[in-house]
Amino acid sequence: MHEFATTLLEPEPVAAHSTGKDHEQALLAKPLAGRAQLRRGAEDPPLVRWALTLTAILILTFLVIIPVANVFAQALIDGPGVYWHNLVADADTRHAIVLTLTVALVAVVLNVIFGVAAARVIARFRFPGRTLLVTLIDIPFSVSPVVAGLCFVLLFGLQGFFGGWLQEHGIKVLFATPGLILATSFVTFPFVARELIPVMEAIGPDEELAALRLGASGWQIFWRVTMPNIKWGLLYGVILCNARAMGEFGAVYVVSGHIAGSTDTMPLRVERLFQESQSAASFAVASVLTLLALVTLALKVGLERQTRRQIEQGSESKFQGEH
Amino acid sequence: MSTANQRVLPGFSLSLGYTLFYLTLLVLIPLGACFVKASSLTFDQFWATVWSERACNAYALTFGAAFIAAFVNCLIGLLLAWVLVRYEFPMKRYFDAIVDLPLALPTAVAGLVYASLYVPNGWLGQVLVPLGIEAAYTRLGIVLVLIFTGLPFVVRTVQPVLENFDPEVEEAAASLGATRWQTFRRVLFPGLVPALLTGFALALARGLGEYGSVVFISGNIQNQTEIAPFLIVAKLEEFKYGEATALAIVLLVFSLVLLGLINLLERWSKKHA
């Protein structure tokens, strides 16, 4: 949009040299009218605009808005009292909420440490195998969550590679919280790293190099320069990672053994209540997860604005530095 | 900038060491376990599982539904990206934001609510079922939820490309006498192809592995609405780990090939942009 505005202010007619002679003269004679005509040629007719916009809004209404509204409508179908009762009175549901928060917290912390290390090594250093590393980090995004869960069953299940050893030592991984954490960490593995790599690349290493020249140690540079610079990008990654961690179903389903009151996370609880035909209770838990998704979206939009501003400021100061 | 900075900054070996350690522990060893387990099967065992009627039907459904959904996502995604980049309308910011909802909404919630919308007494089912359109517990329902889960991919790959198009190119086309449709088809569309393909591949990869949303709406009827990930879970619940692994390897290999393809496509579209 702004591009149109700035080009309009240019005094000379653009593209005149490439058109036919008559056209060129017409443009030279009435430069502004010519531009307006050209601009109209590069715009869609009003009817097309109107129809396309309406179709887009309809698609989003049917695919997204109606389903979200339906979640809350079904959850509140018997009134807010029953809704609240469905959420807090059931011990298994309460347990599921606490378990989900625990698993997501651990998975997010693990992936933040990894994400910062991976983004630093990829954005700040050049080494052989760097492109391969970037691809490997993406693997969990393309692997089916069910296959991911299966992998952990093959490792830690009773017939699995470490199953016998774990049983001898009385350690429970599968059908217990550690298994849920492993599966959740696997499916959310790339989030923080993927968000941080472009942020670190956009900010550039200049400030860190300056700190180095001023005699700062590696950890000083990391805590005083790198972390403050990437904090918004990091928060963005954490929010996306957390949303997926709390909502993961397939991978967690496979490793959980689906034990109510023990290994059921909130999404698994939604499914169990649905199977037990407790529709309102199922939708009550689902509505909490939907709220989480909506909050995630709101924070995401806010943070995107914040990071964009930061990157713009970064490139501005660099620009001033060069001149 | 960063190329000049070969290894000047400290902490290279710590960062790389930890990255590789965690990657190996959490991703490479588990995936390796899957391949090792698969290699312990004889070829006949493997083939008997993967080529059984039930497995073939599940694969056909998974690939077919994911492919159709990804294709529909291309059309919808292009339309949404175009409208969001080119036009102004009230509450546009909010419509733009909710495109990402399928990424933030737990898949189980999506499955649950889609199933309840399209049953005969559901909000949409009330209208659609009398017209003969039954989505709950049918293949149509599977495609519908896959369209939902794949919605953001095409929009978000096409949007930045459209934003970066130079308006003068379109003006030039118009001044040379091209109609609006010709300009779109001959000038704009070719530039969008790499982004569209990337979005398609991302949506396809997501659709192939999707489980949480599909199990609610598909009904999981053998040979009819049973997807491959569901079959893997079913085998696991019968403790048939070998068969589950054989079925999983096929999906895994496809995901890895798709991932490689997506990487190539992204590099290609970056070159075009």
Side-chain angles (χ1 to χ4, degrees), chain A residues 3-4 14-15 19 38 41-42 44 49 52-53 56 59-60 63-64 67 70-71 74 114 117-118 120-121 124-126 135-136 138-140 142-147 150-152 154-155 159 161 185-186 189 204-205 208 218 243 247 249-250 254 267 270-271 274 286 289-290 293 296-297 301, chain B residues 1-3 5-6 9-12 15-16 18-19 22-23 26-27 30-31 33-34 37 76 79-80 83 87 89 95 97-98 100-101 104-109 112-113 116-117 123 148 151 167 170-172 174-175 180 205 209 211-212 229 232-233 236 241 244 248 251-252 255 258-259 263:
Chain A
E3 280 114 336
F4 280 118
V14 187
T19 52
L38 276 182
D44 300 332
R49 276 169 174 263
L52 290 182
T53 309
I59 288 172
L60 283 175
L63 282 180
V64 184
N70 190 259
V71 171
Q74 301 245 31
F114 161 76
R120 210 177 112 79
V121 84
R124 288 292 177 266
F125 300 98
R126 294 291 176 270
T135 311
L136 288 178
D138 275 345
I139 284 182
S142 63
V143 171
S144 169
V146 168
V147 177
L150 170 76
C151 290
F152 289 106
L154 292 176
L155 278 179
Q159 310 171 28
F161 295 102
S185 305
F186 180 99
F189 180 85
E208 284 156 358
F249 183 80
V254 172
V270 168
E271 199 251 6
F274 174 73
L289 289 169
T290 308
T296 302
L297 275 194
V301 172
Chain B
M1 267 181 302
S2 31
T3 39
N5 158 43
Q6 276 291 339
L9 285 170
F12 171 71
S15 304
L16 183 65
Y18 184 74
T19 302
Y22 188 74
L23 176 76
L26 197 65
V27 178
L31 290 179
C34 201
K37 177 75 183 173
I76 293 179
L79 172 75
L80 286 176
V83 169
Y87 306 155
F89 54 94
F95 283 106
I98 61 167
D100 281 329
L101 190 87
L105 192 73
T107 51
V109 177
L112 175 76
V113 70
S116 89
L117 279 173
W123 282 7
F148 173 81
L151 178 73
E170 280 168 74
E171 288 175 16
S175 77
R180 195 60 196 135
Y211 176 75
I232 295 172
V233 173
L236 269 177
Y241 289 176
L251 273 190
L252 187 55
S255 329
L258 260 180
L259 178 67
N263 266 296

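These numbers come from the heavy atoms of this one structure, side chains and all, not from hydrogens, waters or symmetry mates. Note that the coordinates shown come from a computational prediction; the quantities given were computed from them, not determined experimentally. Every chain is numbered from 1, with letters handed out A, B, ... down the list of sequences.
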Heavy-atom closest pair (A33(B) atom, L154(A) atom, distance to 0.1 Å) is O-CD1, 4.1 Å

Hey, mind stepping through L151(B) and V64(A) against side chain to side chain contact (heavy atoms under 4.5 Å, CB included) and telling me if it holds?
-> CA-CA 10 Å; L151(B) 178 73; V64(A) 184; 3.9 Å; yes

So, the part of P267(A) with a heavy atom under 4.5 Å from chain B: the answer is both

What are the two closest non-hydrogen atoms of F249(A) and Y211(B), and how far apart are they?
-> CE2-CE2, 3.6 Å

Considering only heavy atoms, which portion of T290(A) lies under 4.5 Å from any heavy atom of chain B: side chain, backbone, both, or neither?
-> both

By a 4.5 Å heavy-atom criterion (distance strictly below it), what part of V83(B) contacts chain A: side chain, backbone, both, or neither?
-> side chain

So, the part of F161(A) with a heavy atom under 4.5 Å from chain B: the answer is side chain

Could you give the distance from CG (L60(A)) to CD1 (I98(B)), rounded to the nearest 0.5 Å?
-> 5.0 Å

Chain A interface, residue from L112(B), I232(B), V233(B) that has the most non-hydrogen pairs under 4.5 Å | L112(B)

Sequence neighbours left out, what passes side chain to side chain contact (heavy atoms under 4.5 Å, CB included) with P145(A)? Give chain and number order.
-> V187(A), R244(A), E248(A), A251(A)

Side chain, backbone, both or neither: which part of L63(A) has a non-hydrogen atom closer than 4.5 Å to chain B?
-> both

Quick one: which of A248(B), S116(B), A244(B) has the most heavy-atom pairs under 4.5 Å with chain A, could you say?
-> S116(B)

Nearest heavy-atom pair of A293(A) and L101(B): which atoms, and what distance?
-> CB-CD1, 4.3 Å

Would Y87(B) and D44(A) count as a side chain to side chain contact (heavy atoms under 4.5 Å, CB included) if you check the C-alpha gap in whole Å, the side-chain angles of each, and the deciding distance to 0.1 Å?
-> CA-CA 9 Å; Y87(B) 306 155; D44(A) 300 332; 2.4 Å; yes

For chain A, which of S15(B), P229(B), A108(B) has the most heavy-atom pairs under 4.5 Å?
-> S15(B)

Which answer fits V143(A), side chain, backbone, both or neither, if we ask what part of it has an atom under 4.5 Å from a heavy atom of chain B?
-> both

Scored by heavy-atom pairs under 4.5 Å with chain B, the best of V254(A), T296(A), L289(A), I59(A) is L289(A)

Give the minimum heavy-atom separation between A56(A) and L79(B), together with the two atoms involved.
-> N-CD2, 4.1 Å

At a heavy-atom separation under 4.5 Å, does N263(B) approach chain A through its side chain, its backbone, both, or neither?
-> side chain

Against chain B, work out which of S142(A), A118(A), A243(A) has the most heavy-atom pairs shorter than 4.5 Å and name it.
-> S142(A)

Which atom pair, heavy atoms only, marks the closest approach of Y22(B) to S185(A)?
-> OH-CB, 4.0 Å

Counting only heavy atoms closer than 4.5 Å, note whether L236(B) contacts chain A via side chain, backbone, both or neither.
-> side chain

Pair count under 4.5 Å, heavy atoms only, with chain A: among L105(B), T107(B), V27(B), I76(B), highest is V27(B)

Contact origin within F189(A) toward chain B - heavy atom pairs under 4.5 Å | side chain

Proximal component of R49(A), with respect to chain B [non-hydrogen, under 4.5 Å] | both

d(T53(A) OG1, F89(B) CZ) to nearest 0.5 Å is 6.0 Å

Go through the atoms of V71(A) and report whether side chain, backbone, both or neither lie under 4.5 Å from a heavy atom of chain B.
-> both

Top residue by heavy-atom pair count (under 4.5 Å) with chain B, among A117(A), G250(A), P140(A)?
-> A117(A)

Taking all heavy atoms of G11(B) and all of F125(A), pick out the closest pair and write down the distance.
-> C-CZ, 4.5 Å

